Each structure stands twice: as structure tokens, then as C-alpha cells.
Amino acid sequence: MPLKPSAYGPAVEAFWREPTNSLLRSLDTERCGLRQQEAEKRLALIGPNLAEPSGTRSILQKIVHRLVNPLIAILIVAAAVSGFSGDLASFVIITLVVGLSLTLDIVQEHRAEVAAEALRRSVAIQADVIRDGAIVALPVSELVPGDVVELRTGDLVPADGVALMARDFQLNEALMTGEPFPAAKTTEPCATNLPAEASNTLFAGTSVVGGSGVMLVVETGRRTRFGMISAELLANDPPSALEQGVQKLGLLILKLTLFLTLFVLLAHLVAHRPAVESFLFAVALAVGLTPELLPMVMTVTLARGAQRMAKRQVIVKRLSAIHDLGAMDTLCVDKTGTLTEAKITLAAHLDPAGRPSDRVLELARLNSAFQTGIHSPLDEALLAEDSPPGSSAWTRLAEIPFDYERRCLSVLAARDNDRFLIVKGAPEAIMARAVAVEVDGLARPLDDSHRAQLVRLEDDHARQGFRLLGVAIRTMPPDRVNVTTEDEAVLTVVGFCAFADPPKRDAADSVRDLRARGVGIKVLSGDHAAVVAHVADAVGLPSGRILTGGEIADLSDRALAAQVEDVDLFARIDPEQKRRIIRALRQRGHVVGFMGDGVNDAPAIHAAHVGISVAGATEVARAAADMILLAPDLSVLGAGVIEGRRTFANISKYVRMGTSSNFGNMLSMALASIVLRSCRCCRCRSS
Ligand SMILES: Nc1ncnc2c1ncn2[C@@H]1O[C@H](COP(=O)(O)OP(=O)(O)OP(=O)(O)O)[C@@H](O)[C@H]1O
Ligand SMILES: [Mg+2]
């Protein structure tokens, strides 16, 4: 295959087809990674591993960016006209004013950027890289082709590359392929030309949802597939509400200026004044009208806002998000970890008849202990229980990681010569895959009366706010060493685990505070409707109408947009539906915030005007967020809204004060120039 040199040189297009050893050779690296010195050399040569072009522009770019601003453009035209017409004094003065304003602006922006960058760095995503033979945690921006990186569940894949080691390695590639189910990764090179089919390839921006692996970095930065997409996305990124407002204001001032200048010019010409002098006067008026310090006022005010938020333990990754937070009128939140403490405890383990059962605990705990995927608080609650006697006789063989479509998690486990698939998950997901139920140690067919009994058991617990997980088992052939989602069928329900998850102490106060400030709250949860209603009740949200994922699946985007206004609680919704709800709200003209912590929340965080995440969230959620709360304290949201509004108020104060007084002054100057001159002429003529 012809090699296509990358910026670094040795990497190849369709690199997944290369045998691993030849790829290692062409990247001039080894399985034990690069030497630090060599990595630094490569970093200097090819630049940082950033998918988006670096947020900080060069000085020249900054100047050009400002020159295209209509407000500055007016001044430059004025300077040019003065210069050409020989009015040197005006030319020098205007050029000086523009130069001073630009310098001040750029210096202030630079300072603000340095401060914001330091804050951003404190929440930067890191990768475990092997350098000089040892594992070090480095910011992903420092990765170079040839690096060897260790990946675990919940990690974001930091660059494009191939798997050198894979252990039940499952990736969510929805970002690349739109496929919500996890894709299993192996170390074997593939013959395919299509990246989506390359089972040994890991793409930047996808996330690990199960198992672990080691990756060889082949392409970094904008040469990754994600880098190419994100450059495109960035180009098509709609301007934020603040940017739109400032653009509109600039155009309005431009129109006013044109109008006033033309008006004055015309009036002067009608009065037979010298044309050049009149024109210069009109241009001077235009200069007086422009609020030339606006760009600087905006950057500095937003940066100050970010620093004040940092004191409250909120890291602002995108400055204009502060304004969006102030403008936000709807905040959507995930339930666990945002409204609740996420300190989940196991409250009961019951057989299908509702009696305490140690077998249920033993199987559920084995499932949690053997899975290597994302450790949810539910798994942690199970692992916090003492392991029942006999657990040590089990060994782990394989697993099917949890995903939000199936809503269940399976492990293949062996005891003596027997193999079992142990499944736990949302009760509906378990029952949909079950054909039998274990009663007093005996498997019975899962008939309608048993189903009704199980549903009643779940509803009773959910109404009291307990989350329920179903537990089921299936005997597998003794030679089975691997399992797929197709094996999650003909299960036997063993029972349920009930979990308690109390609401955060300050949740009710924060919800009241936000609502008093005109911010409506909606809960978007993957949990059972009755549990969502219970938590909503506890934090003081109306728990009236609930829309479920099943119902949303049948709604078109337009029908959903018509419903989202009146519904505050959404239950059993999957990640894509979370995003659809955010989009529907945006379409209805709302400024929407979304706060969440899981892999499943990332699409919605991204889709919202203000994406908010928390310190303990998964990398994927933190990477998608505009703001990260470092303290588990919801009251900062109310404070953030005030901060956003104050920032906006400061900017509009400057604009209003600046433009209204400028406009008043210039208008009176214009009128005076016409009227006074006319009077003088009259007097001259009469004398
Ligand atoms: N580790 C797990 N093992 C088995 N089932 C799980 C696991 N984690 C979650 N589930 C099931 O999937 C459902 C949805 O997951 P989860 O509650 O995390 O979604 P969510 O949208 O983040 O909800 P929340 O609003 O509560 O944070 C859960 O109610 C539970 O039934
Ligand atoms: Mg969650």
C-alpha cells in the first residue's frame, strides 16, 4: 500500500491495515513507548495534540480580527479620508485613538486569556502515557505520534491510533459512526478501507465504555479524524447569544453612523459649504459615535466574571458561557449526582416474592465485581456490601459492558465446571429478556401473574424513591469463553436489589432560588418514572406530568418541541433523547443549560447553550462542558446566574451609556453645525 506521509512523516493513511510491528517501525517507536526527549522533539515539530485550532490567536490575527469589526472599520475609513484630504491632525489623532484602543484591548485580552488558560488547565483532560519506560499522566495536548497510552473505562481516546493490547476493550463510537452500541476492539490489523469497520483502530473523541487497553498513537491534533470533523464543525458553529448581540449592535451603529453622516453631508452641501470640509466634519461625527472600547470592555468583564466564579469553585472553559448562564431560562439536569448525593446505598435484596434473598445479593455483587466497565454508584453500593460466603469459588470469564440502550450489564462467570451468564439491569430490560422466574430455588415459567407481581414490586419501591435493579441468570454451555448481547435472552429472574439515593441537602433551596430567578428546571433521567417523580417531589419540583423514553421515541422532532414546554420530568430516556429534548427547547427559543456527569449526558451537554459538568464526572462529560463545578454545591448555579446577568448588565451599561451619550452629542453637534452656520450666514448677508 502506498504510504501517505503525515506532517510527522512516517504515519500512513488507512494505518489500521499495517501489521503492528511495521507500524511501530514506521513511527520509530516501541511497545514500551517513546523517550521523553524524542517526544519533546516531535511535539515541537508537529505541534500540540489539539483537535480545535488553538483558542489563542497570534497578535497579527488579533489585530486583523479587530479591524473587521464595524466599529473599528468606521474609524479606519475616517483616518484614511482625513489622510487623503490632507487633514494631517485628524489623521494622527484618529490613528492614535485606534492604535491605543487596539493595544489596550489586546493587552487586556491577553491577560484575560492567560488567566482563563490557567483555570482551564486545572481541569484539562490527562492521559496515562508511557515515557522513558514509566507511566506518567500528561495533558492530552502533549501526545505525539509514536506515544503509547493506557486506556481504561470512562477515558476519552486522546488521538487516532491502534490497539496494542485489548482486554474486553469496548468503545462508544457514536461520535464517528452514529452507532450507539459499544464496538469491541482487538489488536488484529484489518483489511478494510473503511475506518468505521477497523476493529483495531481507536479514534480521538470516542470513549472507552468497557474493559481496558493500550494504544499506539498514530495521528494527533487536527490530522485525527475528529480533528478534521471538529474544524468543520467549528467553522459552522453558530455564534453564541452574546456574539450575535454584539454583531447586531455593531451593525446598528454602522447604520446610524451612515445615516447621520449622509444627513450632515447633505445638509452642508445644500447650504453650499465646501465639500471636503463638510465630508471631514461628517467623518468626525462618525468617529465620535463609535463605542470603540466595546470589545475590550466585553473581554475584561467576562474574564473578571470567570475569576469571580473560580473563587466559588466554578471553572469556566468558554468565557461567553458566563453570559449564556445569565440569559439561561431553562436548566435541564440529570438526576443522580446532580439532584441526589450519588451516595447510593443498598436498601434491600429481594426474591421475586419480595422476601430478602442472599442469592440475589451474591449474584448482583459478582456482576459488579467482575465487570471492568464504568463503575456506577450502583456498582459501588453493591461492592460496599460484605461478599457472601462462597463468592470466592467464582471466576470471571467475560463481560458485556453496560450501555444506555440495553440498560443492562452481563458477566460470564464460572463455578466448578458450570458457566453462568449473570445479568443485572433496569427491571424492564431484565424482564424483556426473561422467560422464567426462580421461586424457592426452582425455575418457573414467567407467566402473566408472575410478571404482574414483579411489576407491582418495582412500582411499590419506585414510588418510595428506591431505584430497583433486576438480577437474572442463565446457564451457559461449559465450553463458552465469550458472550455477546444475543446471549442476553431466555434469562431466569432471580430477584431485585433496591437502592436508596437521597436528594442533595441544598437541592431544594437551590431549585427554589433558580426558579425564583426565572429559570425553569427540568429533570432528564434514565431512571424509572416513579423514582424521578419521588426525587422531584423531594426537591420541590412539580411532579405532575412525566414523559418517558418510550413515548418520546414515537414523537417527531416537531411533536416533541410542542410537548417540551409543558413537561418538566422525563424518565427512562437514552442519551440521544436527552439531546433531542435540548434541541427541541432551543428550537422553542429557550436559552438552555444542561448539567450532567455521565457518558450518557455528553451529547446533551454539548447541545445546550451552557453545558455544565461536575468535578467527579466522566472525562467525556467534562470535555463537552463549558463550565465545571468543582464543589458538589448547587447553590453556585444561582450565583452563576447572577454573575452572568451582572456581566451582561455591565456590558450593556457601557453600550447604552456610550452610544446614547455619543449619539446625543454627535446629533447636537450635527444640528448645531447646520443651524449655527446658517445663522452666521444670515447675519453676514444682512450686515
Ligand atoms: N452498572 C449498572 N448495572 C446495571 N444496570 C445499570 C447500571 N447503571 C445503570 N443501570 C440501569 O440503567 C438505568 C439508566 O442509567 P442511569 O440511571 O445511570 O441513567 P441516567 O440518565 O444517568 O439517570 P440519572 O438521572 O439517575 O443519573 C438505571 O436506572 C439502571 O436501571
Ligand atoms: Mg446519570
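Quick caveat, the model's predicted, so the values are computed rather than measured. Along the sequence shown, residues are numbered consecutively beginning with 1. Ligands are counted one by one from 1 in listed order, and the atoms in each one are counted from 1 as well.
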- The closest protein heavy-atom partner of atom 15 (O) of ligand 1 is Tyr404 CE2, 3.6 Å
- Query: Which ligand 1 atoms, with their elements, are less than 4.0 angstrom from a heavy-atom of Ser376?
  - Reply: 1 (N), 8 (N)
- Query: Nearest to atom 2 (C) of ligand 1, what protein heavy atom do you find, and at what distance?
  - Reply: Lys424 NZ, 3.7 Å
- Message: Tell me whether the Mg ion (ligand 2) has Asp334 as a neighbour, meaning an N, O or S atom of it below 2.8 Å.
- Response: yes
- Query: In ligand 1, which numbered atoms sit nearer than 4.0 Å to a non-hydrogen atom of Asn600?
  - Reply: 19 (O), 20 (P), 21 (O), 22 (O)
- Query: Which ligand 1 atoms, with their elements, are less than 4.0 angstrom from a heavy-atom of Ala426?
  - Reply: 31 (O)
- Message: Check contact between Lys578 and ligand 1, using heavy atoms of the residue and a distance below 4.0 angstrom.
- Response: yes
- Message: Checking side-chain polar atoms at under 3.5 Å, does Asp329 have a donor or acceptor matched by the opposite partner on His590?
- Response: yes
- Query: With no hydrogens and no angle check, do the side chains of Arg474 and Ser410 hold a donor and an acceptor under 3.5 Å apart?
  - Reply: no
- CG (Asp487) and CG (Leu421) are apart, to the nearest 0.5 Å, by 6.5 Å
- Query: Going through the distances and angles, do Thr372 and Glu399 end up as a side chain to side chain donor-acceptor pair (under 3.5 Å)?
  - Reply: CA-CA 8 Å; Thr372 58; Glu399 74 183 85; 2.7 Å; yes
- Task: Check the side chains of Ser368 and Asp379 for a donor-acceptor pair under 3.5 angstrom, ignoring hydrogens and angles.
- Result: yes
- Query: Could a heavy atom of Gly425 be found less than 4.0 Å from some atom of ligand 1?
  - Reply: yes
- Which protein heavy atom lies closest to atom 29 (O) of ligand 1, and at what distance to 0.1 Å? Arg572 NH1, 3.1 Å
- Item | Donor on one side chain, acceptor on other, Asp537 and His534, under 3.5 Å | no
- Message: I want to know if ligand 1 touches His528 in the polar sense, i.e. an N/O pair below 3.5 angstrom.
- Response: no
- Item | Sub-3.5 Å N/O-N/O distance, Lys335 and ligand 1 | yes
- Message: Test salt bridge (Lys or Arg N to Asp or Glu O under 4.0 Å) on Arg517 and Asp513; report intermediate values, then the result.
- Response: CA-CA 6 Å; Arg517 293 183 196 290; Asp513 180 38; 3.2 Å; yes
- Write out the residue and atom name of the closest protein heavy atom to atom 1 (N) of ligand 1, then the distance separating them to 0.1 Å. Asp379 OD2, 2.9 Å
- Please confirm whether Gly526 comes within less than 3.5 Å of ligand 1 when only nitrogen or oxygen atoms on both sides are compared. yes
- Message: Suppose we measure from atom 26 (O) of ligand 1 to each protein heavy atom; which comes out shortest, and what is that distance?
- Response: Thr336 OG1, 2.5 Å
- Task: Go through ligand 1 atom by atom and flag the ones less than 4.0 Å from a non-hydrogen atom of Asp527.
- Result: 29 (O)
- Message: Judged on heavy-atom distance to atom 12 (O) of ligand 1, which of Phe402, Phe499, Phe570 sits nearest?
- Response: Phe402
- Item | Protein residue, atom and distance nearest to atom 17 (O) of ligand 1, heavy-atom basis | Arg467 NH2, 2.4 Å
- Query: Side chains of Arg444 and His450: is there a donor and an acceptor less than 3.5 Å apart?
  - Reply: no
- Message: Could you walk me through whether Leu378 and Ile344 satisfy the side chain to side chain contact (heavy atoms under 4.5 Å, CB included) test, starting with their C-alpha distance in whole Å, then the side-chain angles of each, then the deciding distance to 0.1 Å, before giving a yes or no?
- Response: CA-CA 6 Å; Leu378 295 171; Ile344 298 183; 4.0 Å; yes
- Task: Around atom 30 (C) of ligand 1, find the nearest protein heavy atom and jot down its residue, atom name and distance.
- Result: Leu469 CD2, 3.7 Å
- Query: Does some side-chain heavy atom of Val471 sit less than 4.5 Å from a side-chain heavy atom of Val423?
  - Reply: no
- Quick one: look up the protein heavy atom nearest atom 27 (O) of ligand 1 and list residue, atom name and how far away it is. Asp334 OD1, 2.6 Å
- With the side chain counted from C-beta on, respond yes when Ile430 and Leu469 share a heavy-atom pair under 4.5 Å apart, and no when they do not. no
- In this structure, are over 12 heavy atoms from other groups packed under 6.0 Å from Arg451 atom CZ? yes
